[in-house]
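Notes follow the structure.
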Amino acid sequence: MYKLFIKSLAEWNDTTGDRTKLQHAYVAFAILLIIAAGLVGLVNYDLGQQMTGIALVLLGVSIINLIAWTLLQGIVLTRLDAMKKPARKPTKK
């Protein structure tokens, strides 16, 4: 089980980019925080609510990052890539 987990993490590390890893970290931390908030909320309701609020802020940051990176990729980076490629000249026969 341990080796499978390590192998899965290594494969995930090789196949995903830095931005995607950051998004995964935000979402994973928010989910863990929501679970912890539910358990803490059984003992201390107010603290559980505060932890849930923090988790919702993390999810909001994740969504804002997703939108910003999508706009950056779609508008700016594709135009920069197009500018780097030289225009093809027709060949004479």
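Every heavy atom of this structure was used, including side-chain atoms; hydrogens, water molecules and symmetry mates were not. In this text the structure is predicted, and so the values were computed from the model without any measurement.
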For atom CG of Asp14, is the number of surrounding heavy atoms from other residues, nucleotides or ligands below 6.0 Å larger than 12?
yes
Are Leu22 and Ile31 linked, directly or through intermediate hydrophobic residues, by side-chain heavy-atom contacts shorter than 4.5 Å (ILVMFWY only)?
no
Would you give the length of the straight line joining atom [atom1] of [X] to atom [atom2] of [Y], rounded to the nearest 0.5 angstrom?
X	Y	atom1	atom2	value
Tyr26	Leu66	OH	CG	12.5 Å
Leu4	Leu9	CG	CG	10.0 Å
Asp18	Asn13	CG	CG	8.5 Å
Gln73	Thr70	CD	OG1	8.5 Å
Lys7	Lys3	NZ	NZ	11.5 Å
Leu58	Ile63	CG	CD1	11.5 Å

Thr16 side chain to Trp12 main-chain N or O, any donor-acceptor pair under 3.5 Å?
yes
Not counting sequence neighbours, list each pair that qualifies as a ring-ring contact (aromatic ring centres under 6.0 Å, His included) and has a residue in residues 28-81.
none
Got Met51 and Ile35 here, is their nearest side-chain heavy-atom distance under 4.5 Å?
no
Do Leu47 and Gln50 come within less than 4.5 Å of each other through their side chains, counting heavy atoms only?
yes
Any chance you could lay out the side chain to side chain contact (heavy atoms under 4.5 Å, CB included) test for Asn65 and Arg19, step after step, and finish with the verdict?
CA-CA 9 Å; Asn65 278 340; Arg19 293 179 185 174; over 6 Å; no
If I compare all heavy atoms of Ala55 with all of Leu33, which pair ends up nearest, and what's the gap?
N-CD2, 3.6 Å
Show the nearest heavy-atom pair for residues Gly48 and Ala37, with the distance to one decimal.
O-CB, 3.5 Å
Taken in chain and number order and not counting sequence neighbours, the residues that satisfy side chain to side chain donor-acceptor pair (under 3.5 Å) with Ser62 are Gln23
